[in-house]
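Convention: sequence-line order gives letters A, B, ...; per-chain numbering from 1. Only this structure's heavy atoms are used, side chains among them; waters, hydrogens and symmetry mates stay out. All figures in this text were calculated on a predicted structure; none of them were measured in a lab.
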There are 2 protein chains.
Amino acid sequence: MPYLDRTVCSPEPIDCRILTAALELFVERGFHKVSIHDIQKLSDVSIGSIYKHFGGKEGVAKALYDHLLNEFDELMDKINQLEASQIEKSNELIKRLFTYTESRRDIISFVFHAKHNEFLPDESLICDEKPFLAMRSIIEKGIKEKEINASNPIIAGAIIFGSVIRLIQLRLDGVIKEPLEQHYDEITFSIWNGLGKKIKNEPKLKVINQS
Amino acid sequence: MPYLDRTVCSPEPIDCRILTAALELFVERGFHKVSIHDIQKLSDVSIGSIYKHFGGKEGVAKALYDHLLNEFDELMDKINQLEASQIEKSNELIKRLFTYTESRRDIISFVFHAKHNEFLPDESLICDEKPFLAMRSIIEKGIKEKEINASNPIIAGAIIFGSVIRLIQLRLDGVIKEPLEQHYDEITFSIWNGLGKKIKNEPKLKVINQS
DNA sequence: GTCTATACGCTGATAGAC
DNA sequence: GTCTATCAGCGTATAGAC
């Protein structure tokens, strides 16, 4: 996957150099604490060129956002092409996200850790973007096919990927010391089978075991 | 609970007026898009006074942060005084958070939706603050007392409260249309009993039913 | 303690040379 | 297409009157 990477592309095209530098800075300091001059310095591309290519700082952020969402969407396509149950597809996604959290933390950080609406005001919510709709659609199918036991796909999605995103954030913040891959089995098991022991609604549990 | 509230305190002390206005603005636009002049206008307190009281915009944000964390900490104290299992305590917290999300969305938004490290650089991570440690401690006890079935309290906490925080965010963003209280039963059930139907590790499920 | 007016620096943006 | 020099505006912070 041709992710933006400062170390890989050496005589990179100029717009790639800009985006790569911007990603690094945005993740490190946050959008608002990065100036055009900072991007200019790190990318070694003149301010004029930055304006020519992207029309300003917001334009750089938007291009970066679109580019990374596109990469993420391609990943979702691959996952959707798998011959697998919806839960297996979800788990594959979780595994890949954990791997990227270690290998490309800047990308994961920008997509999942940033408050995009603060610097992309016109942008629709990230959860309405294509790859996130694909995620939701997996959950919907899972519910329809009685694989996932929930009444509402949005809520089910929030529970599943809320957990995953939180784990990723804690890992990025250094609260979790070990790579998340290491906890993959426990996490997916917990998500799909629950953490609880004391069960109030006994009847419902039986539904879970049935079929 | 004496939360900051513009409508309640009418001839408020000056510092309360500043904090209340700041909270409103920070939540609406985000910290970086609010200027001292904006706070001055809304609070109707002069810039000089704002500097005297809080030493600047960051100072206002820090005071707000401390104040709200303190309120949250008092809530955790109350919950910890309940004669209840750890799961019941967690559920009580979840219920209260859902209620506040409807009644005091600004507070919830500032505490859970903001990226504090972007404007409070020296501040420790929010998950290391007192009330969050109290949350973690509930989980730890739950695991020790074999109430919660997990090996690692941080991961268990991430799964439980990651879900909850995500739901709150989706509610604040308007993606979830109904008040979360309405989904409380389904959510807590899903969190504690899992979403999955196909269970790979049959043995572990039996452990869940036991005792 | 509270306020107003002002200074200064930084940032985004442009114009024009190469 | 790429760059440099420069400008205008905003936002923080202060000094000093009341």
How far does [atom1] of [X] sit from [atom2] of [Y], to the nearest 0.5 angstrom?
| X | Y | atom1 | atom2 | answer |
| --- | --- | --- | --- | --- |
| Lys62(A) | His116(A) | NZ | NE2 | 11.5 Å |
| Ser46(A) | Lys52(A) | OG | NZ | 10.5 Å |
| Glu92(A) | Thr188(A) | CD | OG1 | 11.5 Å |

In what stems does DNA chain D take part, counting only runs of at least 3 consecutive Watson-Crick or G-U pairs whose two distances fall under 3.5 Å? C:1-18 with D:1-18

Starting at the 5' end of nucleotides 11-18 of chain C, put B wherever the base has a protein heavy atom under 4.0 Å, S where only the sugar-phosphate does, and a dash everywhere else. SBBB----

List the steps, then state whether salt bridge (Lys or Arg N to Asp or Glu O under 4.0 Å) holds for Asp106(A) with Arg104(A). CA-CA 5 Å; Asp106(A) 47 359; Arg104(A) 301 307 320 276; 3.2 Å; yes

Cationic N near anionic O, under 4.0 Å, Lys141(B) to Glu147(B): no

Does a side-chain N-to-carboxylate-O contact under 4.0 Å join Lys33(B) and Glu28(B)? no

Integer-rounded Å distance: dT2(C) C1' and Gln40(B) CD: 12 Å

Atom CD1 of Ile50(B) to atom P of dT14(D): distance rounded to whole Å? 14 Å

Examine distances only and state if a side-chain atom of Ser137(B) and a backbone atom of Leu133(B) form a donor-acceptor pair shorter than 3.5 Å. no

Parallel, tilted or perpendicular: which describes the rings of Phe31(B) and Phe26(B), with under 30° parallel and over 60° perpendicular? tilted

Given dG1(D), is OP1 or OP2 found less than 4.0 Å from the side-chain N or O atoms of Ser49(A)? no

Is the phosphate of dT2(D) approached by His53(A) (side-chain N or O, under 4.0 Å from OP1 or OP2)? yes

